[in-house]
Protein chains: 2
Amino acid sequence: MADTLDPAQMRAYFALMEAVSLLQYAVRRQLQADGDLSYVQFEILAKLADADRPLTMTDLADGVVYSRSGLTHQAGLLENAGLITRQTSPHDQRATVVAITEAGRARVGAVLPGHVEVVRDLLFDSLSDRDVRTLGDMMSRARDHMRARPPRSAAPRSRHAPP
Amino acid sequence: MADTLDPAQMRAYFALMEAVSLLQYAVRRQLQADGDLSYVQFEILAKLADADRPLTMTDLADGVVYSRSGLTHQAGLLENAGLITRQTSPHDQRATVVAITEAGRARVGAVLPGHVEVVRDLLFDSLSDRDVRTLGDMMSRARDHMRARPPRSAAPRSRHAPP
DNA sequence: TATTGTTATACTCTATAACTATA
DNA sequence: TATAGTTATAGAGTATAACAATA
């Protein structure tokens with residue numbers, strides 16, 4: 001178990017991190033400029049629009065990296081902006097049901113063209129169709145692998161649950 | 001110039017963003033836990049260690065996404081921690097020369113094994129050698145493309161910044 | 001005038017922990 | 001007891017703009 005990456009791995013790792021950082025930077029600027037949305041807020045709205053039915057906070061948390069309180073905070077901002085609504089679920093009084101409003105859909109619609117344009121211009125412009133399929137395959141695999149493997153990486157101290 | 005992405009592109013885009021977000025999250029936690037470093041701080045130290053000679057702030061800014069003031073701030077933190085030194089350049093009185101200290105090298109050394117382990121476990125575990133080469137090629141190309149093509153939002157990130 | 005870098009400031013994001021309430 | 005979610009708080013990161021100094 002060597003504690004280094006081989007040159008090809010180093011190259012791939014740093015290129016990946018740098019390319020995605022640049023992409024994230026551009027995407028964040030576009031979302032902010034065109035729709036006054038952070039990327040997380042866009043993710044929440046896009047998820048609700050895509051699901052096409054109300055989701056609980058827990059549903060939303062799945063697929064988002066952030067903490068629960070962070071999600072609550074962002075949802076609060078979106079609610080104040082009139083882009084989503086939150087209500088206590090009738091079926092489980094503990095749960096909160098989140099729905100996208102018409103204004104929320106409109107906001108997504110307003111932001112999407114510019115978003116797509118940025119992604120196409122910055123990322124896909126330099127990739128062939130074959131590259132795109134390959135990239136999709138690899139990243140889907142990697143994502144599933146990471147999701148299946150909770151990052152105990154950060155806590156080498158205890159394999160046991162926190163206090 | 002349709003204002004949508006085709007399904008394969010959508011899949012690749014979202015998988016990429018999600019996978020890298022998960023990776024970034026894990027990497028940040030590891031750097032914080034093992035070395036009390038943010039990712040940017042690690043990048044700065046790694047760059048200095050790799051260059052093996054002092055660099056100016058501008059040198060450091062190249063290849064980093066952040067703003068100048070952000071870089072100054074992070075450099076200040078690293079200097080306070082005794083991991084780098086900053087001095088006015090003898091050749092150009094405007095420039096600041098940044099050098100890594102022994103403590104800085106030690107910190108990188110302390111953090112690197114865990115860092116590499118996280119990246120290998122999370123990312124490369126699910127990729128073949130061939131995948132790694134392909135990924136490196138694609139991301140290097142994409143990175144160069146993005147660097148050559150600043151976002152449409154007219155980002156004055158370079159040194160030639162109009163008002 | 002252009003470039004290098006810092007400061008001052010303000011704002012956003014995120015995490016931790018404590019808390020309420022339902023199940 | 002465990003789960004869903006919120007609140008309170010506190011810290012870190014980042015950007016913008018104004019600034020000083022040098023080229």
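Numbers restart at 1 for each chain; the letters A, B, ... are given by sequence-line order, proteins then strands.
Residues forming a side-chain hydrogen bond (donor to acceptor under 3.5 Å, both in side chains) with B:Glu18 (at least two apart in sequence, or on another chain): A:Arg147. Residues that satisfy the side-chain hydrogen bond (donor to acceptor under 3.5 Å, both in side chains) test with B:Asp144, not counting sequence neighbours, are absent from this structure. Applying the side-chain hydrogen bond (donor to acceptor under 3.5 Å, both in side chains) criterion to A:Gln93, with sequence neighbours excluded, gives no partner residue. Partners of B:Asp125 according to the salt bridge (charged side-chain N to carboxylate O under 4.0 Å, His left out) rule, which considers only residues two or more places apart in sequence or in another chain, are A:Arg149. With sequence neighbours excluded, the residues forming a side-chain hydrogen bond (donor to acceptor under 3.5 Å, both in side chains) with A:Arg68 are A:Thr58, listed by chain and number. Considering only residues two or more places apart in sequence or on other chains, A:Phe42 meets the ring-ring contact (aromatic ring centres under 6.0 Å, His included) condition with A:His115. Residues satisfying the salt bridge (charged side-chain N to carboxylate O under 4.0 Å, His left out) test with A:Arg143, not counting sequence neighbours, are none.
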May I have the list of side-chain donor-acceptor pairs in residues 44-54 of chain B shorter than 3.5 Å, sequence neighbours left out?
| unit_1 | atom_1 | unit_2 | atom_2 | d |
| --- | --- | --- | --- | --- |
| B:Lys47 | NZ | B:Asp62 | O | 2.5 |
| B:Asp52 | OD1 | B:Arg105 | NH2 | 3.4 |

Tabulate below the donor-acceptor pairs under 3.5 Å that side-chain atoms of residues 81-89 of chain B make, not counting sequence neighbours, or state none.
| unit_1 | atom_1 | unit_2 | atom_2 | d |
| --- | --- | --- | --- | --- |
| B:Arg86 | NE | B:Glu79 | OE1 | 3.1 |
| B:Arg86 | NH2 | B:Glu79 | OE1 | 3.0 |
| B:Ser89 | OG | B:His91 | N | 3.1 |
| B:Ser89 | OG | B:Asp92 | N | 3.2 |

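Residue B:Thr58 places its side chain closer to C:dT4 than to any other of C:dT14, C:dT4, C:dT7.
A salt bridge links B:Arg11 to A:Asp137: at least one charged side-chain nitrogen sits closer than 4.0 Å to a carboxylate oxygen.
At a non-hydrogen distance threshold of 4.0 Å, nothing from residues 45-56 of chain B comes into contact with DNA chain D. Listed by residue number, A:Arg86 are the residues of residues 77-92 of chain A with a heavy-atom contact under 4.0 Å to DNA chain D.
Counting 5' to 3', DNA chain D first comes under 4.0 angstrom of a heavy atom of chain A and last does so at the ends given by D:dT3 to D:dT16.
Within 4.0 Å of B:Thr96, counting heavy atoms only, lie sugar-phosphate atoms of the nucleic acid but no base atom.
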